[in-house]
Trainee: 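Structure below; questions to follow.
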Amino acid sequence: GEDVEQSLFLSVREGDSSVINCTYTDSSSTYLYWYKQEPGAGLQLLTYIFSNMDMKQDQRLTVLLNKKDKHLSLRIADTQTGDSAIYFCAEKRSGTASKLTFGTGTRLQVTL
Amino acid sequence: NAGVMQNPRHLVRRRGQEARLRCSPMKGHSHVYWYRQLPEEGLKFMVYLQKENIIDESGMPKERFSAEFPKEGPSILRIQQVVRGDSAAYFCASSDTGMTGGPGANVLTFGAGSRLTVL
């Protein structure tokens with residue numbers, strides 16, 4: 001399909017791990033990204049991964065990439081209330097040098 | 001070093017009026033991108049500009065929408081004769097190089113957005 005798909009909502013308890021999933025569309029996408037959007041704010045780049053990698057870790061964040069299934073996930077360890085936000089995955093498709101294609105976003109709610 | 005500055009943050013227009021949204025990129029950035037976010041949706045690419053040039057406008061509606069990035073001053077996204085369906089958040093992003101380079105060249109810095117409401 002044409003859309004980058006994400007589940008709409010995820011609720012986790014503070015201190016637990018969060019896993020946000022994304023299915024992208026183009027098997028030849030070169031880069032895949034995770035952005036965070038807090039209420040009323042713009043998008044903040046969290047991390048990105050090259051398509052020839054299958055994992056990237058950056059402090060509490062772990063990105064896993066399954067190219068065969070076109071599946072991307074973001075794991076947040078020790079989730080904090082400050083992690084509550086909307087998380088967008090995005091792909092840079094081959095042949096589209098100028099743009100990113102975004103998913104619909106997953107709203108992460110962290111409860112005490 | 002201020003980030004990407006957008007104004008106004010909120011804009012209310014009646015149907016048929018014009019909306020002008022402004023974006024000042026980060027200092028040193030000469031590439032500007034506009035994205036639109038409809039309620040409950042992800043961001044959709046609209047247009048990519050460099051100074052005085054439109055590089056890719058494949059996401060722009062064919063009518064009523066235009067964008068510019070003059071040699072001096074901010075980038076402007078202009079919507080003429082607005083309709084209710086134009087109500088959305090419009091985000092501007094900038095980068096120091098274009099999106100064709102390696103990983104460093106693909107980092108976009110986003111502004112906080114301009115939220116347009118059409119009555």
Side-chain angles (χ1 to χ4, degrees), chain A residues 1-9 20-26 29-53 56 58 63 65 72 74 85-107, chain B residues 2-7 9-10 21 23-26 31-50 53-60 67 69 88-95 97-115:
Chain A
E2 288 294 314
D3 294 334
V4 177
E5 296 182 350
Q6 298 179 240
S7 53
L8 290 179
F9 185 76
I20 303 171
N21 294 303
C22 170
T23 302
Y24 60 98
T25 63
D26 186 352
S29 286
T30 52
Y31 306 110
L32 296 134
Y33 306 79
W34 283 104
Y35 281 85
K36 176 183 180 183
Q37 184 182 31
E38 296 185 72
L43 275 71
Q44 172 195 356
L45 177 67
L46 289 177
T47 187
Y48 62 85
I49 188 168
F50 296 148
S51 58
N52 62 356
M53 298 170 64
K56 179 179 180 181
D58 183 0
V63 178
L65 175 60
L72 182 74
L74 174 70
I86 301 176
Y87 291 80
F88 292 95
C89 66
E91 62 175 336
K92 183 186 174 190
R93 296 176 177 172
S94 60
T96 59
S98 330
K99 66 190 81 166
L100 299 182
T101 302
F102 283 85
T104 51
T106 299
R107 183 179 298 274
Chain B
V4 177
M5 303 302 292
Q6 291 188 247
N7 67 83
R9 291 293 309 277
H10 300 276
L21 309 177
C23 169
S24 296
M26 276 190 72
H31 301 257
V32 165
Y33 313 80
W34 286 93
Y35 283 76
R36 175 165 65 175
Q37 184 180 30
L38 293 170
E40 305 301 321
E41 294 189 13
L43 277 72
K44 303 289 187 193
F45 170 81
M46 299 182 77
V47 62
Y48 161 36
L49 310 102
Q50 285 180 265
N53 290 304
I54 296 174
I55 307 301
D56 182 350
E57 56 181 348
S58 59
M60 287 279 270
F69 188 16
Y90 292 83
F91 288 96
C92 172
S94 70
S95 64
T97 59
M99 287 278 287
T100 56
N106 289 278
V107 175
L108 301 185
T109 301
F110 280 84
S114 292
R115 281 157 179 81

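Chain A is the first sequence line, chain B the second, and so forth, proteins listed ahead of strands; every chain is numbered from 1. The figures that follow rest on heavy atoms only: side chains count, while hydrogens, waters and symmetry mates do not.
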Trainee: Are any of the side-chain heavy atoms of B:L108 and A:Y35 separated by less than 4.5 Å?
Mentor: yes
Trainee: Mind listing the closest non-hydrogen atom pair of A:G40 and B:R9 along with its distance?
Mentor: O-NH2, 2.7 Å
Trainee: Of the listed residues (B:E41, B:M46, B:Q6, B:R115), which shares the most heavy-atom pairs with chain A below a 4.5 Å separation?
Mentor: B:R115
Trainee: Who passes ring pair (Phe, Tyr, Trp, His ring centres under 6.0 Å) against A:Y24, sequence neighbours left out?
Mentor: none
Trainee: Check this for me: B:M5, atom CE, are more than 12 non-hydrogen atoms of other residues, nucleotides or ligands nearer than 6.0 Å?
Mentor: no
Trainee: Between B:K44 and A:T101, does a side-chain hydrogen bond (donor to acceptor under 3.5 Å, both in side chains) hold up when you go through it step by step?
Mentor: CA-CA 7 Å; B:K44 303 289 187 193; A:T101 302; over 6 Å; no
Trainee: Can you sort out the partners of B:Q37 under side chain to side chain contact (heavy atoms under 4.5 Å, CB included), two or more places apart, ordered by chain and number?
Mentor: A:Q37, A:F88, B:L43, B:A89, B:F91
Trainee: Report yes or no: does B:Y35 contribute a side-chain atom to a donor-acceptor pair with the main-chain N or O of A:L100 at less than 3.5 Å?
Mentor: yes
